[in-house]
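Worksheet for the structure shown next.
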Amino acid sequence: MGSNVENEGSDSFNWDTEDEQEFMLPSRASPRCFGNGVVGCSDEASSSTGASTKLISHFVGMGFSRDMVCKAIDDNGEGKTDAILETLLTYSALEKSPSEREDVAYEGEQLASDFSSSESAGDFLDDFSDEDYLGGEDTDENLSEMEKTSKQLVCMGYPAAEAAIAVERCGPDASIIELTDFLSAAQMAKAADALLEELPRFGSSGEQRQNYFNGDPRKKKRFYADDNWERKRHKQRERRRDPDEEIDSTIIPNPMIGFGIPGEPCRRHQRTLPNEAIGPPYFYYENVALAPKGVWSTISSYLYEIKPEFVDSKYFSAAARKRGYIHNLPISNRYPLLPIPPQTIHEALPMTKNWWPSWDSRTKLNCLQTCLASARLTDRLRKAVEDYNNEPPLTIQKYVMEQCRKWNLVWVGRNKLAPLEPDEIESLLGFPKNHTRGGGISRTDRLKGLGNSFQVDTVAYHLSVLKEMFPSGMTVLSLFSGIGGAEVALHRLGIHLKTVVSVEISETSRNILRSWWESTNQRGNLIDIDDVQKLDADKLEQLINSFGGFDLIVGGSPCNNLSGSNRISRDGLEGKHSSLFFEYFRILNQVKVIMAK
DNA sequence: TGCACTATGAGCTGAGCG
DNA sequence: CGCTCAGCTCATAGTGCA
């Protein structure tokens, strides 16, 4: 829901990228699977710092093994929950999934458990000497196939540590060409790291990055060349992977009505949430339903294995919007916002009815996106149909309909198709009129903000159960707020917003939300934060101490790398933007830890 | 420099069919 | 079960202009 986030720091490339991916792809190495190791410490003996059972239980509940948790607490001290979580995630990133571990030539677990929390995984790799990997005294007969291959690479002039990693990463069947390809890429990535160290930390907008590239197009080329390579390699790896691993247990229902829609509740009214998922606080997470395979399983594995509720907003409005929602809200006694919005294109846009040809059978619009059709396209379509008296041949009809569906075009005159106006999109999404208009906001920014937003009626239906539970109002943490879909939904439900802490990278979107907040005469506090990474444990603790905790954590993390519309970088959850899901996960857990104190 | 405009498919799902 | 086909998708990057 939030706008595109451009916050590339020096972590954009990493020789150790694969470790990151293992952290980010729990379908292969879920954090909930880390507890398969030895439980090595009791609560009493767990920590020299005397870590509380509650704290240990919390992290164990998140899926980390007890000994890992104890060590992390020892390393960081009991008070620093964010540092503990960071350490645990680092341990986890280093730990291999069982299927991979079988083939690993060296003792990955031992390395992980001995690993100091303050180091990045990349530094960690750099710290290992060649001797750590190749014993030196082994004869060839005693060496495994992988070790032999490593030695071969060393003979070719590659550092032994890197060779060992390459062999382990590419697998036992990898050819020498693949391995050298991997090593070259790693070296390129290292060079890119050095390049990126020159950068100031890229901030919220793309401007800083743009400034950096300006004046030296070679920098840009190098920057993206490595990025493209990594993408390509990732795709190749995906193809090579065992198809069994690709099975995604997430099934998108048809019809996509989740636990029910107004007037047509689903048969299933009950669900059981795991204990650790039960609030406070309530949480509500959203993203595109049609994400690449495995993404929803991964997201679900981080959010207490709660199955997503997939809902298409075409059951709430005149436009489709297929989204998945993971939340711990009750699902009975939901009710819709009133008035019920127009359900068909003609009801929503009455003027189009006059010009709508009989052969255009659409009654609902497709997903409202961030881009609109070009004037050239609508001109081509006008020319294609105007020679026929309202009844073009089937081939023309088919072409025109294809473009209409693709671009959500509507008939606004005789033979005249047009994309939707921002005002119309606002209305279709359930926002108040002029919500995104004026105040120095460009048309492009309006469309971007709207295209990335919630459908208010849909979200409000899910959130409606909170009305009775919080009669005096709610304290809300809104992550990736965008233009404030969640806030508008709660407000339209009549839920008083006592305090809203909103995190949104786009200044334009923050202005829109602030403007709405003031124009609706909100009596509560709106605190806005620009960068989600600024919301660390200290900040959260300070906020929670001030307001007595959050009742709801709501947000949809960036979908840029998940959306099917993205032809350039549909990289999945490890994509530059969509990986911010892990910030949602981090913040949710930190809030739970702090509130549990 | 910001904005508007434009061209750019892949990847996935499900229906239909043999 | 496998194949074909149709349909859909919170986007990105380059260019030109004021």
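These values consider heavy atoms only, across backbone and side chains, with no hydrogens, waters or symmetry-generated copies.
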Practice prompt. Calculate, to the nearest 0.5 Å, the distance between atoms CD1 and CZ belonging to A:Ile306 and A:Arg271 respectively.
Written response: 6.0 Å
Discussion item. Pairing check on B:dG14: which nucleotide meets the Watson-Crick or G-U wobble criteria with it, both distances under 3.5 Å?
Written reply: C:dC5
Worksheet item: If only side-chain N and O atoms of A:Asn254 are considered, is one of them under 4.0 Å from the OP1 or OP2 phosphate oxygen of B:dA15?
Response: yes
Worksheet item: Can A:Glu402 and A:Arg362 be said to form a salt bridge (charged side-chain N to carboxylate O under 4.0 Å, His left out), step by step?
Response: CA-CA 11 Å; A:Glu402 191 183 316; A:Arg362 290 175 299 157; over 6 Å; no
Fill in: Nearest-Å distance for atom pair CG/P, residues A:Leu368 and C:dC8
14 Å
Fill in: Nearest-Å distance for atom pair CG/P, residues A:Asn287 and C:dA11
11 Å
Worksheet item: So does A:Gln369 get a side-chain nitrogen or oxygen closer than 4.0 Å to the phosphate oxygens (OP1/OP2) of C:dA11?
Response: yes
Worksheet item: Aromatic rings A:Phe283 and A:Tyr304: how do their planes relate, parallel, tilted or perpendicular, breaks at 30° and 60°?
Response: tilted
Worksheet item: For B:dA10, does OP1 or OP2 lie under 4.0 Å from any side-chain N or O of A:Arg570?
Response: no
Discussion item. Using a 4.0 Å heavy-atom cut-off, does A:Arg323 contact any base of the nucleic acid, only the sugar-phosphate backbone, or nothing at all?
Written reply: base
Worksheet entry | A:Val288 side chain, from C-beta outward: closest of B:dC5, C:dC10, B:dG9 | C:dC10
Worksheet item: Between B:dA4 atom P and A:Arg446 atom CZ, what is the distance in whole Å?
Response: 11 Å
Worksheet item: CD of A:Gln403 versus P of C:dA6: gap in Å, rounded?
Response: 15 Å
Item to complete: Starting from P on B:dA4, measure out to CG on A:Leu447 and report it in whole angstrom.
Response: 9 Å
Worksheet item: Where each residue is assigned the nucleotide of DNA chain B containing its nearest heavy atom, which of A:Gly564 and A:Ala291 is assigned the position nearer the 5′ end?
Response: A:Gly564
Response to the item:
To the nearest angstrom, the CG-C1' distance between A:Asp571 and C:dT12 comes to 12 Å
Practice prompt. Using a cut-off of strictly less than 4.0 Å, decide whether A:Ser565 has a side-chain nitrogen or oxygen near OP1 or OP2 of C:dT9.
Written response: no
Worksheet entry | The single option from A:Asn287, A:Val295, A:Asn561 passing side chain to side chain contact (heavy atoms under 4.5 Å, CB included) against A:Leu573 | A:Val295
Worksheet entry | Contact under 4.0 Å: A:Ser374 side-chain N or O vs B:dA7 OP1/OP2 | yes
Worksheet item: OP1 or OP2 of C:dA6 less than 4.0 angstrom from a side-chain nitrogen or oxygen of A:Lys398, does that happen here?
Response: yes
Discussion item. So, OP1 or OP2 of C:dT9: does either fall under 4.0 Å of a side-chain N or O from A:Ser563?
Written reply: no
Discussion item. With a 4.0 Å cutoff (strictly under), does any side-chain N or O of A:Asn560 reach OP1 or OP2 of C:dT12?
Written reply: yes
Practice prompt. Tell me whether the OP1 or OP2 atom of C:dT9 has a side-chain N or O from A:Lys322 closer than 4.0 Å.
Written response: yes
Worksheet item: Checking all strands, does A:Arg405 fall into the base, sugar-phosphate, or nothing category for heavy-atom contacts under 4.0 angstrom?
Response: sugar-phosphate
Discussion item. Distance check needed: C:dG7 C1' versus A:Leu290 CG, whole Å only.
Written reply: 11 Å
Item to complete: Searching all strands shown, indicate the nucleotide that pairs with C:dC10 (Watson-Crick or G-U wobble; both distances under 3.5 Å).
Response: none
Practice prompt. Could you measure between the two C1' atoms, the one in B:dG9 and the one in C:dC8, and give it in whole Å?
Written response: 13 Å
Worksheet item: Phosphate oxygens OP1/OP2 of B:dA10: is one of them under 4.0 Å from a side-chain N or O of A:Asn566?
Response: no
Discussion item. Without decimals, in angstroms, what is the distance between A:Arg567 CZ and B:dT6 C1'?
Written reply: 12 Å
Discussion item. When you measure from the side chain of A:Glu347 to the backbone of A:Gln343, do you find a donor-acceptor pair of N or O atoms at a distance under 3.5 Å?
Written reply: yes
Discussion item. Set out, in order, the CA-CA distance, both residues' side-chain angles and the distance that settles side-chain hydrogen bond (donor to acceptor under 3.5 Å, both in side chains) for A:Thr436 and A:Arg446, then state yes or no.
Written reply: CA-CA 6 Å; A:Thr436 60; A:Arg446 288 185 79 184; 2.8 Å; yes
Worksheet item: Picking from B:dG9, C:dG7, C:dA11, which would you name as closest to the side chain of A:Cys371?
Response: C:dA11
Practice prompt. Salt-bridge test for A:Arg510 and A:Glu504: reply yes if a basic N is under 4.0 Å from a carboxylate O, no otherwise.
Written response: no
Practice prompt. Would you please confirm or rule out a distance under 4.0 Å between OP1 or OP2 of C:dA11 and any side-chain N or O of A:Thr370?
Written response: yes
Discussion item. If you only use heavy atoms from C-beta on, which nucleotide in B:dC3, B:dT6, B:dT8 is closest to the side chain of A:Arg376?
Written reply: B:dT6
Item to complete: State whether A:Arg380 places a side-chain N or O below 4.0 Å from either non-bridging phosphate oxygen (OP1 or OP2) of B:dT6.
Response: no
Worksheet item: With respect to the phosphate group of B:dA4, does any side-chain polar atom (N or O) of A:Thr444 fall under 4.0 Å of OP1 or OP2?
Response: yes
Worksheet item: For A:Trp407 and A:Glu402, take the nucleotide of DNA chain C holding the closest heavy atom to each; which residue's nucleotide lies nearer the 5' end?
Response: A:Glu402
